[in-house]
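In what follows, chains carry the letters A, B, and so on, assigned in the order in which the sequence lines appear, proteins first and then strands, with residues in each chain numbered from 1.
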There are 2 protein chains.
Amino acid sequence: MQTQSIPDLSPTHLSQLQESIQNTFGIINTQELNHIIELFKWKPIKKGEIILRTNQNCQAMYFILSGYIRVFVETADKEVTQWIAYQNYFLTDLASFMFDKPARWTFQALTDAEVYMINKDEYNRIKDFVPTWPEIERLFICHCFTTLEDRVFSHLSMTAEERYHYFFQNNKELFNQVPLQYIASMLGMTAETFSRIRRKYPF
Amino acid sequence: MQTQSIPDLSPTHLSQLQESIQNTFGIINTQELNHIIELFKWKPIKKGEIILRTNQNCQAMYFILSGYIRVFVETADKEVTQWIAYQNYFLTDLASFMFDKPARWTFQALTDAEVYMINKDEYNRIKDFVPTWPEIERLFICHCFTTLEDRVFSHLSMTAEERYHYFFQNNKELFNQVPLQYIASMLGMTAETFSRIRRKYPF
DNA sequence: TTAATTTCTTGATTTATATCAAGTGGCTAC
DNA sequence: GTAGCCACTTGATATAAATCAAGAAATTAA
């Protein structure tokens with residue numbers, strides 16, 4: 001995993017990261033924010049490129065500027081897509097990043113993409129100059145936790161069709177941007193079932 | 001929600017909480033540990049008692065000393081059990097506890113139980129006298145996150161029978177202690193399906 | 001101890017979803 | 001522009017799991 005950083009970061013991208021950090025992590029003062037942002041490095045990713053493989057050690061956290069990145073794992077009989085991340089998502093293999101375990105997931109770009117990346121050591125330095133960072137991070141992770149809780153609940157209480165609608169409502173743009181088979185897998189159904197549900201609800 | 005605290009805590013229970021905090025949150029010195037433990041109050045719970053209702057504000061975190069507590073929610077057509085917590089679990093409605101949102105879940109004791117409880121204000125004071133607390137808490141929540149990630153994965157990649165085996169392997173004792181219909185629901189299957197799977201694997 | 005209630009099991013049937021197989025359409029690369 | 005590939009659709013069929021209904025077993029209450 002190599003980083004191609006370019007000396008002058010695009011102002012548009014910088015403000016996208018700034019805004020997202022503000023929105024996601026709450027109010028931080030400008031000086032602190034700039035300090036955080038300096039630790040991130042810009043990196044372009046080609047369609048199809050794999051930026052993390054299952055069982056590697058995930059040393060980086062990514063912030064996605066543009067493009068679509070699929071989170072999946074190969075099992076004995078099929079590939080299981082766990083999530084598709086896109087603009088303004090923070091992306092990492094948490095178990096690996098936090099606990100130095102082998103990564104569960106593989107990250108592959110479904111389109112050309114641009115990310116900011118920050119490696120673990122630099123990430124861990126943030127708290128040294130942003131005193132409120134631990135609290136901010138705590139709330140962020142708790143938020144991620146409750147999102148996953150909802151997702152478990154969707155599998156305990158909804159049919160494939162209900163999961164489809166629920167997800168479609170909140171992620172319409174994704175349906176034009178990535179192969180639908182991956183969305184199907186992520187929702188826990190086959191591509192065929194997904195296709196049949198779609199036919200019932202043309203848009 | 002009221003707390004009946006008794007003046008002299010049982011040494012056995014105290015050490016159970018101590019040990020669990022040590023195991024779960026890593027090394028803390030004895031003085032800090034004692035300080036944390038003083039903030040918890042002992043509370044007995046009767047079988048059937050509901051200690052949190054959906055849409056209430058969850059002001060407490062519980063540490064379970066003994067007994068079984070079911071986490072569930074009523075939907076339009078059925079009750080969905082999300083989890084069953086027992087000895088040495090920390091239990092709260094995270095979205096409510098952290099973000100003051102209405103609780104998603106209802107907590108009901110399936111057996112008589114004993115818990116230590118700590119309210120939100122006291123919980124938030126821990127970091128004032130345990131400097132390493134935020135870091136400890138971060139790792140704990142990340143661990144919970146990855147557990148949920150596994151659970152989502154189980155619904156994307158496993159059959160009902162596989163989920164049954166996977167869960168049974170790791171939670172054998174639960175099967176003798178609580179009505180099986182709740183375990184079925186928590187694994188995303190009906191009680192009938194659960195019963196038929198069990199018949200195939202008598203033990 | 002017996003009655004009442006709850007939980008679990010079993011069978012018959014239906015429904016949802018997966019699987020298999022074939023074909024269509026679109027995109028990409030030469 | 002055409003060949004080849006990949007994604008998607010569609011139909012036929014198989015399978016997993018839900019539902020419905022009844023009864024048996026276990027637990028709780030009187």
**Request:** Verify side-chain contact (heavy atoms from CB on, under 4.5 Å) between B/Tyr182 and B/Gln108, making sure each step is shown before the conclusion.
**Result:** CA-CA 12 Å; B/Tyr182 301 132; B/Gln108 181 177 38; 5.6 Å; no
d([atom1], [X]; [atom2], [N]) in whole Å:
X: A/Met158; N: C/dA16; atom1: CE; atom2: P; result: 17 Å
X: A/Phe194; N: C/dT17; atom1: CZ; atom2: P; result: 14 Å
X: A/Asn176; N: C/dC27; atom1: CG; atom2: C1'; result: 16 Å
X: B/Leu156; N: C/dT17; atom1: CG; atom2: P; result: 14 Å
X: B/Lys200; N: C/dC8; atom1: NZ; atom2: P; result: 20 Å
X: A/His155; N: D/dA18; atom1: NE2; atom2: C1'; result: 18 Å

Pairing residues for [X] by the side chain to side chain donor-acceptor pair (under 3.5 Å) criterion, not counting sequence neighbours:
X: A/Asp77; value: A/Thr75
X: B/Ser96; value: B/Asn57
X: B/Thr146; value: none

**Message:** Enumerate the salt bridge (Lys or Arg N to Asp or Glu O under 4.0 Å) contacts for residues 79-98 of chain A, please, sequence neighbours excluded, ordered by first and then second residue.
**Reply:**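 Listed by first then second residue: A/Arg70-A/Glu79.
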**Request:** Would you list the pairs meeting salt bridge (Lys or Arg N to Asp or Glu O under 4.0 Å) in which at least one residue belongs to residues 158-178 of chain A, sequence neighbours left out?
**Result:** A/Glu161-A/Lys200
**Message:** Go nucleotide by nucleotide along DNA chain C from the 5' end; which of A/Thr159 and B/Ala191 gets its closest nucleotide reached first?
**Reply:** B/Ala191
**Request:** Quick one: list whatever passes salt bridge (charged side-chain N to carboxylate O under 4.0 Å, His left out) with B/Arg138, sequence neighbours left out.
**Result:**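 B/Arg138 satisfies salt bridge (charged side-chain N to carboxylate O under 4.0 Å, His left out) with A/Glu137, B/Glu135 once adjacent residues are dropped.
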Check nucleotides 6-8 of chain D for protein N or O atoms closer than 3.5 Å to its own N or O atoms and list the pairs.
unit_1 : atom_1 : unit_2   : atom_2 : d
D/dA7  : OP2    : A/Gln181 : NE2    : 3.2
D/dA7  : O5'    : A/Gln181 : NE2    : 3.4
D/dC8  : OP1    : A/Leu180 : N      : 2.9
D/dC8  : OP2    : A/Leu180 : N      : 2.9
D/dC8  : OP2    : A/Gln181 : N      : 3.2

**Request:** Step through it carefully: locate the ring centre of B/Phe168, locate the ring centre of B/Tyr201, and say whether they are under 6.0 Å apart.
**Result:**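 No: the rings miss the under 6.0 Å criterion.
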**Message:** Looking only at the aromatic ring of each residue, does the gap between the centers of A/Tyr123 and A/Phe97 stay below 6.0 angstrom?
**Reply:** yes
**Asked** Do A/Met98 and B/Ile141 pass the side-chain contact (heavy atoms from CB on, under 4.5 Å) test, and can you show the C-alpha distance, the side-chain angles, and the key distance before you say yes or no?
**Response** CA-CA 11 Å; A/Met98 294 290 179; B/Ile141 301 171; over 6 Å; no
**Message:** For a ring-ring contact (aromatic ring centres under 6.0 Å, His included) check, start with the C-alpha distance between A/Tyr68 and A/Tyr86, then their side-chain angles and the critical distance, and finish with the verdict.
**Reply:** CA-CA 5 Å; A/Tyr68 295 83; A/Tyr86 51 95; 5.6 Å; yes
**Asked** Yes or no on side-chain contact (heavy atoms from CB on, under 4.5 Å) for A/Arg196 and A/Met189, after CA distance, side-chain angles and deciding distance?
**Response** CA-CA 11 Å; A/Arg196 290 186 178 102; A/Met189 67 188 83; over 6 Å; no
**Asked** Does a nitrogen or oxygen in the side chain of B/Arg199 sit under 4.0 Å from OP1 or OP2 of C/dT9?
**Response** no
**Complete:** Going 5' to 3' through nucleotides 25-30 of chain D and flagging B where a protein heavy-atom sits under 4.0 Å of the base, S where only the sugar-phosphate is that close, and - otherwise, we get ---S--
Show me the protein contacts with nucleotides 19-25 of chain C, counting only N or O atoms at under 3.5 Å.
unit_1 : atom_1 : unit_2   : atom_2 : d
C/dC20 : N4     : A/Glu192 : OE2    : 3.1

**Prompt:** Should the pair B/Phe175 and B/Phe167 be assigned to parallel (<30°), tilted (30 to 60°) or perpendicular (>60°) ring geometry?
**Reply:**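 Rings of B/Phe175 and B/Phe167: tilted, as their planes differ by 30° to 60°.
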**Asked** Under 4.5 Å between any side-chain heavy atoms of A/Trp83 and A/Trp105, yes or no?
**Response**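 Sidechains of A/Trp105 and A/Trp83: no contact.
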**Prompt:** Quick check: are there more than 12 heavy atoms from other residues, nucleotides or ligands sitting under 6.0 Å from NE2 of B/His165?
**Reply:** yes
Scan nucleotides 13-15 of chain D against the protein and return all N/O pairs shorter than 3.5 Å with their distances rounded to 0.1 Å.
none

**Prompt:** What residues, two or more places apart in sequence or in another chain, satisfy side-chain contact (heavy atoms from CB on, under 4.5 Å) together with A/Ser195?
**Reply:**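 In terms of side-chain contact (heavy atoms from CB on, under 4.5 Å), with neighbours along the sequence ignored, A/Ser195 is linked to no residue.
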**Request:** Work out how much the helix from C/dT1-D/dA30 to C/dC30-D/dG1 bends between its end axes, five pairs an end, to the nearest 10 degrees.
**Result:**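 Angle reported: 50°, given to the nearest ten degrees.
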